[in-house]
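Scroll down for the structure; my scribbles are underneath it.
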Amino acid sequence: MEARVAIKTPLLDQIRTPADLRKFPESDLRQIADELRAETIDAVSVTGGHLGAGLGVVELTTAIHYVFNTPEDVVIWDVGHQCYPHKILTGRRDRIRTLRMKDGLSGFTKRAESEYDPFGAAHSSTSIASGLGFAVGRDLKGKTNEVICVIGDGAMTAGLAYEAMNNAGWLGNRLIVILNDNEMSIAPPVGAMSNYLTRLLSSKEYRKLRRLGQEIAEKLPHPIEVAAKRAEEYARGLITGGTLFEELGFYYVGPVDGHNMDQLIPVLKNLRDTDLPGPVLLHAVTVKGKGYAPAEKSADKYHGVATFNVVTGAQDKGKSNAPAYTKVFAQSLIDEAKRDDRIVAITAAMPDGTGLDIFGKEFPDRTFDVGLAEQHAVTFAAGLAAEGLKPFAAIYSTFLQRAYDQVVHDVAIQKLPVRFAIDRAGLVGADGATHAGSFDVTYLSCLPGFVVMACGDEAELRNMVATAAAYDEGPIAFRYPRGEAVGVDMPEHGIPLEIGKGRILREGTKVAILNFGGRLVEALKAADDLAGKGLSTTVADARFAKPLDTKLVERLAREHEVLITLEDGAIGGFATVVLNHLVRNDLIADGLKVRPLFFPDRFQDQAKPFDMYTEAGLNAAQIAETALSALGAPTLEQPARA
Ligand SMILES: Cc1ncc(C[n+]2csc(CCOP(=O)(O)OP(=O)(O)O)c2C)c(N)n1
């Protein structure tokens, strides 16, 4: 890597916690923010991670910790991907270059990490609901601290945010919500809410309210004055209707320039010092990637980056020999969609992450980015399926959790043929436990009528896309891991698989490894290791957790001394389906040792995927060890691995 530019941070060097920050005069805050921005850029250039969002809130972060008495005053960052500057100011600067690494700082807010992270996150739109919980709890306990939630305009498109605002407006507890409006989600935001916020910033009515906002910046009126002022404005015809936020019971303040300390500090002080009892929404306008030209210029504003060169902005993206699974999915779906015009695709604010940006270029009218709204995405897909279309809902395993009742109630019970393309199955590395795709096989395999597939390589993924496109009987899901695929030869077109039929890749006699999903390569390596010990090993790929290939399972159980099930998911998934079949049918004969391998019963912190899989006991050497110890044979010498 090229030499790094040394940065100078004389003021930031004197700040360990917000208490140190508060000792500085207001006139130094501009420079402190600039130093904080430089430190954030430098840190992320060596760790990779979320950059654009953090750069957009440098001033807000500085101002909030300056004006409010954190950690007594509770600050909740929505999603938490913008919290790196917050971590630097709250006692974690010395570890900021361990972000997202094994034993390092989490890339999100995390309760276990700091008292300045009162509520952990990583999935979006939880800040107002949790903040309201803090506010109501505070009032019940007779405390007087503030609760401040910072939520982006992208996160503001999720139903949960509205459910919380609806409740907050009704309950009327004191709560400060800061809407960080950068007119960006990961991709440019979509939907009526985005249009609404833009109108809010530009309309005549709001230019008037903006003046009101400025007055408020000088002095926030008492509740009674607010009411009087609004009555008077209505009477004079200045206001024709309240903002959506006001209708929900919030007092709306703004818009303010979220990078201008001279605006932010007085507004926040007034919010702090006013005796307004109910919830307030401060509308701050910011620029994602602010202050770093390569980020400001890029289409996604450097939402998530690899390590990079600070001077040029060039990211160190490794070369790969195999395509990414996501890309294989997108190209396979394009191939199917060319031949079947009923195929449509849905994403919840993740067009790049799911590959639907590629699909969307080919089929703009058949691609739907519904906003950061997985629940709606699934029910919308159910409606499309009921209307006779073939919807592919492309959602990460971890985010589909949010739409579980929609999967059960709107899709499964009605037997609607929604196709679920489940990306980021298994352990995901740097994003850690909140983003691991651990539970989908468990939560889908228990649903009557669901077909649940997982691919062991990219050719299988292509075939599974074709299988899903051809299958009209009911819901069907296929899962695939994050990142680079295996590098196998690809069929030109996908070939639909027989539903419920697995395959055998290698025939042996003593040990059988029955894989489901992303550990297939490790199963084959384990078979090699075992062959080195003279143990003949069968490797089979189940392809389906549901319906299970019972004939395959029975054969493996009958013809081997050890049967290992292998999957990249939690308990209750594939192994449970296999064990259930074996036990109910008395197939565990004398002498057969069955060893289910799946994720451990704990949330695993971030690390490199290989290390996380080692910790989970699911790499080749450990699979082979499992077989050897089941047979009472001497163990392998642990081979040195990269
Ligand atoms: C439930 C859920 N779905 C998807 C995501 C992925 N995601 C992370 S950040 C983000 C965009 C957030 O946009 P916004 O709130 O405007 O914040 P910004 O990054 O623009 O600051 C998305 C879609 C998520 N974290 N949680």
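Basis for what follows: all heavy atoms, side chains included, without hydrogens, waters or symmetry-related copies. Both ligands and their constituent atoms are indexed starting at 1 by order of listing.
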Counting non-hydrogen protein atoms only, what is the nearest one to [atom]? Give residue, atom name and distance.
atom                    : result
atom 9 (S) of ligand 1  : His303 CE1, 3.5 Å
atom 5 (C) of ligand 1  : Phe399 CZ, 3.3 Å
atom 3 (N) of ligand 1  : Glu374 OE2, 2.6 Å
atom 26 (N) of ligand 1 : Ser124 N, 3.0 Å
atom 15 (O) of ligand 1 : Ala155 N, 2.8 Å
atom 7 (N) of ligand 1  : Ile186 CD1, 3.7 Å
atom 12 (C) of ligand 1 : Ser185 OG, 3.9 Å

Less than 3.5 Å between some nitrogen or oxygen of [X] and one of ligand 1, yes or no?
X      : result
Lys288 : yes
His123 : no
Ala122 : yes

Suppose we call two aromatic rings close when their centres sit under 6.0 Å apart. Are [X] and [Y] close by that rule?
X      : Y      : result
Phe399 : His123 : yes
Phe380 : Phe368 : yes
His283 : Tyr252 : yes
Phe329 : Tyr325 : no

For Gln82, is the nearest heavy atom under 4.0 Å from an atom of ligand 1?
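Contact absent.
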
Heavy atom of Ala348 under 4.0 Å from ligand 1?
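No, Ala348 has no heavy atoms under 4.0 Å from ligand 1.
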
Chi angles and distances behind the salt bridge (charged side-chain N to carboxylate O under 4.0 Å, His left out) call for Asp605, Lys102
CA-CA 7 Å; Asp605 282 338; Lys102 185 171 163 55; over 6 Å; no

If you count the atoms of ligand 1 from 1 in the order shown, which ones are under 4.0 Å from a heavy atom of Arg402?
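Those of ligand 1 that fall under 4.0 Å from Arg402 are 1 (C).
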
Thr70 and side-chain hydrogen bond (donor to acceptor under 3.5 Å, both in side chains): which partner among Glu146, His86, Glu115, His65?
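Result for side-chain hydrogen bond (donor to acceptor under 3.5 Å, both in side chains) with Thr70: His65.
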
